[in-house]
Amino acid sequence: MPDRWVAPVTLTTAVAAAVMGGVFFAFSTFVMHGLGRATPAQGMAAMQGINRSAPTPLFMIGLFGTALASIVLGVTSLSRLDSAAGWWRLAGAVAYMVPIVLTAVYHVPRNDALDAVAVDAPEAARVWATYLREWTAWNHVRTVGAIAAAVAFTVAERVG
């Protein structure tokens, strides 16, 4: 029988993963498209501002607090793989690590590189076009990972 804390942590983590998936989804479906419709200098400047503004305490708690809860649930589920809920929790934990890893190893370095380019630099338009295309493509993967985690954690509670 699961500990009393597992169910509320699982549901809270499901909601938090869904919220983060919603943030990623918004960027994938209309924010980046809107920035791409602006002039390269305007779009790039706006994205630089977004990237500088994003690491607020509340956003970081949402992003990395959910990761911490996912890790705890994943580790806990390893001793409960005799149940469907244990497997679903493990799947949710693994799925949520996808956006975390991509954020750390792909998106943040790209954001930092974009920030280092002046919007009026000769190469700015080319840098922005490449950034826009590649950053958005990998953001789709972050979106799917976070939403898949939310679904898996929710299913874990339904079957558990």
Side-chain angles (χ1 to χ4, degrees), residues 5 8-76 88-157:
W5 63 269
V9 170
T10 301
L11 289 174
T12 301
T13 306
V15 170
V19 168
M20 296 314 302
V23 170
F24 298 140
F25 181 79
F27 271 84
S28 280
T29 58
F30 63 86
V31 172
M32 298 307 284
H33 180 71
L35 294 177
R37 292 176 57 112
T39 67
Q42 291 170 331
M44 189 171 162
M47 190 64 184
Q48 289 171 333
I50 290 168
N51 289 337
R52 289 182 200 124
S53 299
T56 63
L58 193 54
F59 179 75
M60 295 313 232
I61 289 168
L63 184 65
F64 293 113
T66 305
L68 178 60
S70 294
I71 290 167
V72 168
L73 290 169
V75 169
T76 301
W88 281 106
R89 279 189 194 92
L90 181 59
V94 170
Y96 194 75
M97 290 304 105
V98 170
I100 295 302
V101 169
L102 281 174
T103 297
V105 303
Y106 183 83
H107 287 89
V108 169
R110 298 307 178 287
N111 295 346
D112 292 345
L114 184 72
D115 194 50
V117 178
V119 298
D120 59 354
E123 73 276 12
R126 179 190 51 79
V127 168
W128 173 241
T130 301
Y131 175 94
L132 189 62
R133 182 181 66 256
E134 294 175 358
W135 190 99
T136 303
W138 283 103
N139 192 65
H140 296 334
V141 179
R142 290 197 302 181
T143 302
V144 170
I147 293 171
V151 169
F153 288 133
T154 302
V155 170
E157 280 313 300

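Quick note: numbers below take in every heavy atom, side chains included, and nothing from hydrogens, waters or symmetry partners.
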I'd like to know whether M97 forms a side-chain contact (heavy atoms from CB on, under 4.5 Å) with I71, so could you lay out the CA-CA distance, the side-chain angles of the two residues, the decisive distance to 0.1 Å, and finally the verdict. CA-CA 8 Å; M97 290 304 105; I71 290 167; 4.0 Å; yes

Please lay out, stage by stage, how R110 and W138 fare under the test side-chain contact (heavy atoms from CB on, under 4.5 Å). CA-CA 11 Å; R110 298 307 178 287; W138 283 103; over 6 Å; no

task = Under the side-chain contact (heavy atoms from CB on, under 4.5 Å) rule, what do L114 and M47 come out as? Steps first, then yes or no, please.
result = CA-CA 9 Å; L114 184 72; M47 190 64 184; 3.9 Å; yes

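Applying side-chain contact (heavy atoms from CB on, under 4.5 Å) to Y106 and the options L102, V108, T103 leaves one that passes, L102. Screening T10, V15, L11, V9 for a side-chain contact (heavy atoms from CB on, under 4.5 Å) involving T13 leaves a single residue, V9.
Going from atom CG of N51 over to atom CE of M44 covers 10.5 Å, rounded to the nearest 0.5 Å. In this structure, T66 OG1 and M20 CE are separated by 6.5 Å, a value rounded to the nearest 0.5 Å. To the nearest 0.5 Å, atoms NE2 (H33) and CZ (F27) are separated by 15.0 Å. Atom OH in Y96 sits 9.5 Å away from atom CZ in R142 (nearest 0.5 Å). Rounding to the nearest 0.5 angstrom, the gap separating the CD atom in E123 from the OG1 atom in T130 is 11.5 Å. Taken from CG in L58 to CG in L63, the straight-line distance is 11.5 Å, to the nearest 0.5 Å.
Taking the six-membered ring where the residue is Trp, H107 and W135 present perpendicular rings, their angle passing 60° and hence far from 30°.
Dense packing is recorded around OH of Y131, with more than 12 heavy atoms of other residues, nucleotides or ligands lying under 6.0 Å away. Residue W128 places its CH2 atom among more than 12 non-hydrogen atoms of other residues, nucleotides or ligands, all under 6.0 Å distant. Annotation: R37, atom CZ; neighbour count of heavy atoms from other residues, nucleotides and ligands within 6.0 Å does not exceed 12.
Distance alone, capped at 3.5 Å, is enough to place a donor-acceptor pair between the N139 side chain and the F24 backbone. Not one N or O on the side chain of Q48 forms a donor-acceptor pair closer than 3.5 Å with the backbone of A118.
Among residues two or more places apart in sequence or in another chain, the salt bridge (charged side-chain N to carboxylate O under 4.0 Å, His left out) test is passed with E134 by none.
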